[in-house]
There are 2 protein chains.
Amino acid sequence: MASHTPASLKALLNQRGFRLTPQRQTILHIFQTLPQGNHLSAEELHNILVAQGERISLSTVYRTLHVMAFMGVLRELELAEGHKHYELNSPDPHQHHHLVCVQCNRTLEFESDLIDRIGTKQAEAEGYHLLDCQLTIYIVCPDAMQQGWSHSLPRDWVCNRMMQMRPDPE
Amino acid sequence: MASHTPASLKALLNQRGFRLTPQRQTILHIFQTLPQGNHLSAEELHNILVAQGERISLSTVYRTLHVMAFMGVLRELELAEGHKHYELNSPDPHQHHHLVCVQCNRTLEFESDLIDRIGTKQAEAEGYHLLDCQLTIYIVCPDAMQQGWSHSLPRDWVCNRMMQMRPDPE
DNA sequence: AACTAGATGATAAGCTTTATCATTAGATGC
DNA sequence: GCATCTAATGATAAAGCTTATCATCTAGTT
Ligand SMILES: [Zn+2]
Ligand SMILES: [Zn+2]
Ligand SMILES: [Zn+2]
Ligand SMILES: [Zn+2]
């Protein structure tokens, strides 16, 4: 399956009693034209919509993200920034995974059939039905490293705040 | 390194200007005596403390979790339940990963050197310093499956709520 | 013992997400 | 096309978890 057309999205939604609305179509379109490797949070998505002059409420954004993720059109990502991210979902054999810098929050994607296979195998070994698997690799980019930083597990404000307060002992 | 003793924890904290307090010692002890494979959220941890008769504020719980994660004593987990989980951090070659049921939120751990190696390799290939890597596999357990459920990407209340409203089309 | 800087606890504020509900508008069948 | 039924929208309030503030207390050091 390539990406959804308005018609195929409508069919998919209707099949389950959901409806295709202009808002949902607009939102899908944004994800479809998003540069490869980008993810959007609910708020980022809403900002884009507002910038485009659309008048879609934040409520609708959240609802649409939920429904789309539920239908398998979008994939929900947990990247440790205090909010969820969404991206177009690709068919099973082509999932990708993420490198996340805990300093600047930039993310990089990569693919790995091997990981997908491990995930599938592990789920089946336990007798479960696999829905999705995501390898998230937390890193620090070289820039951040040079700012006196080479640690094990900081996150979010913990690292940002504390590093300013408290540089490495010599 | 086995686990921390009060003395080694104190040394580690002091090295960076942090202090060892009775509260921090108590909290570390709880994690150390937690059954293998359990994780605690801030609130769960606080509940345990209260149940034990300790008088530690929620503020202190959050602060301690942050500091401990920052120091690498605890590992912070993102398991898609709307809040973070913490567990004792183990030295690098022995990280483990998680299977999460999106229905009942139960989690299962497993280890995989292979995944750790992939993570390390991937991070180094990009020239980054690896902090941690976590493979999270989202699944549905057999129980949930039998309740008429065999889908692609639901999460949280989306799936719980919507499935009640709207069973599979025949 | 005294001193200094970090930690605590109580409380308020913040941010993301979810719930409510009156109103609007798809989908279906005639 | 029109009527009907039910889902979706938008505005707003509420919830849930996390972070900020600040006066008070205390660990670590001299
Ligand atoms: Zn992505
Ligand atoms: Zn970075
Ligand atoms: Zn675990
Ligand atoms: Zn389950």
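Numbered from 1 within each chain, the chains take letters A, B, ... in sequence-line order.
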Sugar-phosphate or base contact per nucleotide [nucleotides 23-30 of chain D; S, B, -; heavy atom under 4.0 Å]: ---BBS--
In whole Å, what is the span from the [atom1] atom of [X] to the [atom2] atom of [N]?
X: B:Leu77; N: D:dC17; atom1: CG; atom2: P; result: 17 Å
X: A:Arg24; N: D:dA7; atom1: CZ; atom2: C1'; result: 8 Å
X: B:His83; N: C:dC15; atom1: NE2; atom2: C1'; result: 17 Å
X: B:Leu40; N: D:dC17; atom1: CG; atom2: C1'; result: 16 Å
X: A:Arg55; N: D:dA11; atom1: CZ; atom2: C1'; result: 14 Å
X: A:Tyr86; N: C:dT16; atom1: OH; atom2: P; result: 13 Å
X: A:Gln15; N: D:dA7; atom1: CD; atom2: P; result: 16 Å
X: B:Leu58; N: D:dT21; atom1: CG; atom2: P; result: 18 Å

Is there a side-chain contact between [X] and the phosphate of [N], meaning an N or O under 4.0 Å from OP1 or OP2?
X: A:Gln23; N: C:dA25; result: no
X: B:His66; N: D:dT18; result: no
X: A:Thr60; N: D:dG10; result: yes

Proximal nucleotide (of D:dG10, C:dT16, C:dG9) relative to the B:Ser59 side chain: C:dG9
Side-chain donor-acceptor contact under 3.5 Å, B:Thr60 with B:Gln23: no
Exercise: do A:Gln134 and B:Thr136 side chains pair donor with acceptor under 3.5 Å: no
Under 3.5 Å donor-acceptor, A:His39 side chain and A:Leu79 backbone: no
Donor-acceptor contact below 3.5 Å, side chain B:Glu44 vs main chain B:Ser41: yes
Residue mapping more 5' on DNA chain D - nearest nucleotide basis, A:Ile56 or B:Ala42: A:Ile56
Under-3.5 Å donor-acceptor pair between A:Arg63 side chain and D:dG10 base: yes
Nearest heavy atoms of B:Ser57 and B:His46, plus distance in Å: C-NE2, 3.8 Å
Residues forming a side chain to side chain donor-acceptor pair (under 3.5 Å) with B:Glu43, sequence neighbours excluded: none
Aromatic plane relationship, A:His96 with A:His98 - under 30° parallel, 30 to 60° tilted, over 60° perpendicular: perpendicular
